[in-house]
Amino acid sequence: MTKNEQLNIIFSDLSKELDNADEDIPLYENQIIDSFDVLRLVTEIELVFDIKIDITDLLKNNFSKLSLRLLIE
Amino acid sequence: MLLNALQHSAKINPKKIAIIDAHSKIKVTYDEIIQIFNAGKGYYVDKAVGIVISIGEPTIHDLPFLISIGQSDGVWIPLADDDHIKEIVHFFSNENILIIEKNGDRKYLKKSKKEKTTKQEINPPFLITFSSGTTGVAKGIILSQSKKLERIKQSISLFGLTGKDTIISNSPIYHSMGQKLLFTSLKLGATLVRNVPFSPAVWMDACQTYQPSFGIPVSTQMALLKETKENYLASFFSFRAIVMSSASASIEFKKHLLKQKIDIWETFGCSEAAFISASKITVEENDHVGGLIDDVEIKINSENSEILVKTPYLCDGYFNGRKTWESALTSDKFFKTGDIGEIRGKKLFFRGRLGLEFLIGPYKVNPIELEFVVKNTILNSEVVIVPVENSFFSNTIGMYLKKNGQACNEVELYDDLKNLLPKHLLPTKIKIIESWPLLPNGKIDRQRLIQRMNNK
């Protein structure tokens, strides 16, 4: 399974809205996910891809699905 | 008062073994205890010692010597290490002080202030024990001889103890449980087997050799025993009663003991107030920590769910902390335990500690409650929840798991947790550790785990 496929599973697992969201739409700013969803998203990405993410940076940078894809590469 | 009672018991059967050190196999008889009591009295009077401090775990011959200071109305202060020495020496600068060091060396400090000590209190202090500071602040708990004697009587009466019992103790003497078992055993004229520091191998050997009938093991010790000794359940063959202190026993453990017709007591208490709940369980009951006791009044603070207790066994205050002691009591003289609980029917349920709660965004989290849910729903392993500092949410959840032999995969565990917990309670950090850092009383050192999780 590719990293992008793994990430898709995390998105669809978290919420239908996130799964259906456009790749470049800011997820938090558009209230597609709330702050605790962000927390879960960050934790899952950290666990699955063994990387460190600063949640505050992420929130400041209006992150989208696309920016998360770039983060794991 | 207490010392007279102990001497009286010792004279009943002088040849009987009073204390056994299960590590070294050294024994001391009641006859020797009386001799040491007498020598101790002579020494303390001759040198006019008002305070004796023991650091670490004294030998079983030093134990009666330390206790014997009560004959001259002196005070014994058992310490885990020399952390509080300066404070004590300064406070008691108008007393001669004897210090028994960890290696057994004796240091005699002559009083630096000359004014005569006035011992006019009705119940002068006999014992000062420093708590392990579960929430960070260690307090010196004062007990007079009369209070200590009352507490011994409480233990004897609750658990139906007699001089025929052989009691096993895994708790150090600088902890109240270690003292409780020592004094109770001496008062009964029973035999005390000391396995201090707790060793699973020594426990197995001591149970086989000395066949104890009674013990109050700490849950972390039982967990270690279970992990390291496959046949650990067999070691309870000679017991007639086991008391679980401040934690309910595991179902497997209860099932085995009940099958062997061993009484299981679930109790709750603290160093300040002795036992505040206790009951013998007869079936596989759930997570209560004992039933209400006749002469102990318990109520729950409706605002923060704190367990409040009014009891004749309450200690005589805190050393060097009159204000702290006053603030530990409500206006109607109930002691504030700092523990969170609820009463259902006539049973007390432990739900956590006040100082351990923390905020995640707008939510207040009680780690003990969360641990209970996780442990009993998806894991048959020990879990500790701690706060992880976070600039956005104040805190998030950190979860420690103890390695229990089975392979543990954090990703799979997280998947299970997602189905169990609301999203704000999901951990952001999971750490698997080999063994828990422990406090001297055998409880898990949560402060150290919090520091470790936050890389401090």
Side-chain angles (χ1 to χ4, degrees), chain A residues 1-21 25-73, chain B residues 358-367 370-371 373-374 377-379 381 383-401 403 407-433 452-456:
Chain A
M1 201 188 297
T2 66
K3 282 185 175 180
N4 270 320
E5 284 168 339
Q6 280 180 294
L7 196 56
N8 284 341
I9 293 173
I10 294 174
F11 290 154
S12 62
D13 204 19
L14 187 66
S15 79
K16 206 174 170 188
E17 287 74 21
L18 177 64
D19 195 24
N20 295 333
I25 188 168
L27 298 171
Y28 184 61
E29 197 181 59
N30 286 283
Q31 296 179 359
I32 292 165
I33 54 177
D34 67 20
S35 60
F36 286 112
D37 291 325
V38 180
L39 196 61
R40 180 174 148 182
L41 197 58
V42 166
T43 308
E44 285 209 76
I45 292 173
E46 284 186 341
L47 278 172
V48 172
F49 301 104
D50 198 20
I51 55 169
K52 286 255 20 111
I53 302 173
D54 186 325
I55 193 165
T56 316
D57 280 355
L58 204 64
L59 290 169
K60 271 190 220 154
N61 291 323
N62 296 335
F63 71 100
S64 63
K65 281 165 76 170
L66 185 62
S67 57
L68 289 172
R69 287 194 202 285
L70 293 171
L71 206 63
I72 60 165
E73 288 307 325
Chain B
F358 56 89
L359 284 174
I360 298 181
Y363 301 102
K364 193 188 238 185
V365 177
N366 175 344
L370 184 55
E371 284 161 17
V373 172
V374 173
T377 318
I378 56 165
L379 287 167
S381 168
V383 184
V384 171
I385 302 291
V386 296
V388 181
E389 288 170 12
N390 183 287
S391 55
F392 192 78
F393 296 96
S394 301
N395 300 287
T396 61
I397 299 277
M399 182 181 285
Y400 281 100
L401 297 175
K403 215 172 185 176
C408 192
N409 179 315
E410 284 105 326
V411 179
E412 282 173 19
L413 173 68
Y414 195 81
D415 270 343
D416 291 340
L417 291 169
K418 282 190 303 198
N419 298 323
L420 175 71
L421 301 171
K423 49 195 176 185
H424 70 280
L425 291 180
L426 285 167
T428 58
K429 276 189 180 181
I430 300 173
K431 282 193 179 179
I432 297 164
I433 59 172
R452 215 186 271 179
M453 189 64 92
N454 289 283
N455 302 319
K456 285 184 180 167

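Residue numbers begin at 1 in each chain, while the letters A, B, ... track the order of the sequences.
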- How about A/Glu73: does its CD atom have over 12 heavy atoms from other parts shown lying under 6.0 Å from it? yes
- Note on the structure: Residues A/Leu47 and B/Val411: closest non-hydrogen pair is O-CG2, 4.0 Å
- Relative to chain B, which segment of A/Ile55 carries a heavy atom at a distance below 4.5 Å: side chain, backbone, both, or neither? side chain
- Item | Heavy-atom contact with chain A under 4.5 Å, split by part of B/Pro422 | neither
- Residues A/Glu44, B/Lys418; criterion salt bridge (Lys or Arg N to Asp or Glu O under 4.0 Å); working and verdict: CA-CA 10 Å; A/Glu44 285 209 76; B/Lys418 282 190 303 198; 2.9 Å; yes
- Item | Sub-4.5 Å side-chain heavy-atom contact between A/Leu39 and B/Lys423 | no
- Residues of residues 9-20 of chain A within contact distance of chain B, non-hydrogen under 4.5 Å: A/Asp13
- Query: Looking only at heavy atoms, which two atoms of B/Phe393 and A/Ser35 are closest? And how far apart?
  - Reply: CZ-O, 3.3 Å
- Task: Compute whether any side-chain donor of one residue and acceptor of the other, for A/Thr56 and B/Ser391, lie under 3.5 angstrom apart.
- Result: yes
- Minimal heavy-atom distance between A/Glu46 and B/Thr428, with the atoms involved, is OE1-O, 4.3 Å
- Task: Evaluate the ring planes of A/Phe36 and B/Tyr363, with Trp represented by its six-membered ring, and classify them as parallel (under 30°), tilted (30 to 60°) or perpendicular (over 60°).
- Result: tilted
- Message: Rounded at 0.5 Å granularity, tell me how far CD in B/Glu410 sits from CG in A/Asp50.
- Response: 9.0 Å
- Item | Pairwise distance CG(A/Leu58) to CZ(B/Phe392) - rounded to 0.5 angstrom | 10.5 Å
